[in-house]
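In what follows, a single structure is set out as structure tokens and then discussed.
Note that the structure is a prediction, hence the values are computed from the model and not measured.
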Amino acid sequence: MSVRGLAAVALSFFAVGTAIAADLKERKAPEEVAAKEVPFFLFADTQISYRYQFPTVTPGIQIQRPDGSFRSREAPKHILNISHADAWAYGTNFFSLDILKSGSQFPAGTTNTPGGVPVSYDYGNTEAYGLYRGTLSLNALTGTKAFSFPGIVKEVSLAFGFDANSQNDAFGSKKRDIVGGLNFAFDVPAGFLNLSVHAYKEWNRNGFNTQPDRDQSFNTVPEFEIVYSLPLTFTGLPLTLAGFNNIVLPKGRGISNNPAAFAFNPPRGLEFLSRTNLVLDLGKLVYDQPNKVDVFIGFQYWLNKFGNQETATFKGTEEKSFLAGVAFHVF
């Protein structure tokens, strides 16, 4: 996200909450039972997961070949995640926190030194990336079904959220963004398919710039988030295809109108991040306890990572990586 960008099996839990909230609000029960027994949260899930991802790339970190050309430097990442999703009568909440530890190919470092000279260390950098997304159902807020279109859209909601990160490398990213718009929960036969259409505003930090351009403010642009989870019942196994796609339109340079800084801060391009996971409910398969332990494998594609566009001398902007992990639903 946006690792968000995201970051992500992450956003799938947000969509689970949206879909279940819509389903539960459609179910009818005797009023006296509902009044006594319906909990505040219609759905809640908190989980801790670990995933290994390789190869990953970082914009601007590259290797020069003997012929003088450049290629992206690659490194593995170990990623610990904690996430929480819930649904209540008026909407949903989703929070995710990734702790990403890179291999030594992407070293920790700083530019906060006398003279601002970059310093790198002999161990990999660590990043913390947090994300929140919330929705408020327009049907629930208006007390109508005016925002449901049977067979097409199950629910239309107000959507909002933010991302924030911190990373201890020389670039020293301190991303902050806010999003706001609409979320559409499509009426699919099984599982869920959600689309969020947002206005996106980002602030960040580039440790290689000098002030006033070290702190960056990008243009407000459209952003799209697609989240899905489709049960593969035809396999006879508790398998699900789950993932997300994020698109951020070009957001400018993020710096002041200083021509001297343009060469090192080119305009950002259209950013596209896609992750698809094949998820096996191991608890259900082994001991008939669903939603306890999941294992997953997946593939991630990231074009123009963080908006950076590849040139002959600037690599690390296109990522094609595999991942595998395990998730525990703790409560």
Side-chain angles (χ1 to χ4, degrees), residues 1-8 56-62 72-73 97-98 100 102 106-120 125-133 160-181 198-225 246-273 302-311 313-319:
M1 169 270 270
S2 103
V3 168
R4 219 170 316 298
L6 277 231
T56 67
V57 300
T58 294
I61 298 185
Q62 54 205 26
S72 302
R73 182 182 291 276
L97 175 64
D98 273 338
L100 306 98
S102 296
F106 298 159
T110 182
T111 52
N112 294 325
T113 59
V117 178
V119 173
S120 294
N125 69 69
T126 301
E127 177 186 9
Y129 194 104
L131 173 151
Y132 169 79
R133 295 290 185 271
F160 47 89
F162 63 85
D163 297 41
N165 92 317
S166 182
Q167 191 166 3
N168 67 341
D169 61 0
F171 187 91
S173 174
K174 293 187 183 299
K175 176 183 175 181
R176 306 290 186 267
D177 74 53
I178 55 174
V179 298
H198 293 144
Y200 173 91
K201 171 65 177 178
E202 178 185 336
W203 300 265
N204 211 325
R205 176 187 182 276
N206 182 343
F208 296 109
N209 285 347
T210 57
Q211 292 294 15
D213 296 320
R214 179 166 285 191
D215 296 317
Q216 300 177 299
S217 177
F218 293 95
N219 299 335
T220 301
V221 297
E223 186 244 13
F224 305 91
E225 298 178 358
N246 287 0
I247 299 172
V248 180
L249 269 59
K251 57 192 178 186
R253 298 177 185 271
I255 60 172
S256 61
N257 292 322
N258 175 16
F262 284 2
F264 299 100
N265 296 271
R268 302 302 193 266
L270 184 146
E271 180 181 3
F272 174 67
L273 169 62
W302 203 336
L303 177 66
N304 294 336
K305 193 169 186 178
F306 310 128
N308 293 282
Q309 302 181 82
E310 182 176 301
T311 69
T313 57
F314 188 88
K315 303 297 181 179
T317 66
E318 185 179 24
E319 182 174 276

Between atom [atom1] of [X] and atom [atom2] of [Y], what is the distance when rounded to the nearest 0.5 Å?
{"X": "I255", "Y": "F264", "atom1": "CD1", "atom2": "CZ", "value": "11.0 Å"}
{"X": "L303", "Y": "Q309", "atom1": "CG", "atom2": "CD", "value": "8.5 Å"}
{"X": "F314", "Y": "S72", "atom1": "CZ", "atom2": "OG", "value": "9.5 Å"}
{"X": "F171", "Y": "T110", "atom1": "CZ", "atom2": "OG1", "value": "13.0 Å"}
{"X": "D98", "Y": "E127", "atom1": "CG", "atom2": "CD", "value": "8.0 Å"}
{"X": "L273", "Y": "F306", "atom1": "CG", "atom2": "CZ", "value": "9.5 Å"}

For [X], check side-chain hydrogen bond (donor to acceptor under 3.5 Å, both in side chains) against everything at least two apart and list the hits.
{"X": "E318", "value": "Y301"}
{"X": "R73", "value": "none"}
{"X": "S173", "value": "N165, N204"}
{"X": "N258", "value": "none"}

Sequence-distant partners of F218, ring pair (Phe, Tyr, Trp, His ring centres under 6.0 Å), two or more places apart: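 If we apply the ring pair (Phe, Tyr, Trp, His ring centres under 6.0 Å) test to F218, skipping adjacent residues, there are no hits.
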Looking only at heavy atoms, which two atoms of [X] and [Y] are closest? And how far apart?
{"X": "A261", "Y": "N265", "answer": "O-ND2, 2.9 Å"}
{"X": "P250", "Y": "V221", "answer": "O-CG1, 3.2 Å"}
{"X": "G181", "Y": "H198", "answer": "N-CD2, 3.8 Å"}
{"X": "P59", "Y": "K305", "answer": "CG-O, 3.7 Å"}
{"X": "T111", "Y": "A170", "answer": "CG2-O, 3.4 Å"}
{"X": "F262", "Y": "S256", "answer": "CE1-O, 3.8 Å"}

Among all residues two or more places apart in sequence or in another chain, which pass the side-chain contact (heavy atoms from CB on, under 4.5 Å) test with [X]?
{"X": "S120", "value": "P107"}
{"X": "I247", "value": "F224, L249, L270, F272"}
{"X": "A164", "value": "R176"}
{"X": "N125", "value": "S102, F106, A108, Q167, N168, D169"}

Are [X] and [Y] close enough that some pair of their side-chain heavy atoms sits under 4.5 Å apart?
{"X": "I178", "Y": "W203", "value": "yes"}
{"X": "D163", "Y": "Y129", "value": "yes"}
{"X": "D177", "Y": "E223", "value": "no"}

Which residues share a salt bridge (Lys or Arg N to Asp or Glu O under 4.0 Å) with K315, sequence neighbours left out: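 Expected list: E310.
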Backbone N/O of N209 and side chain of D213: donor-acceptor pair under 3.5 Å: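 No, D213 side chain to N209 backbone: no donor-acceptor pair under 3.5 Å.
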Residue pairs, two or more places apart or on separate chains, that pass salt bridge (charged side-chain N to carboxylate O under 4.0 Å, His left out) and touch residues 250-269: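 Applying salt bridge (charged side-chain N to carboxylate O under 4.0 Å, His left out) to every pair that reaches into residues 250-269, excluding sequence neighbours, yields E202-K251.
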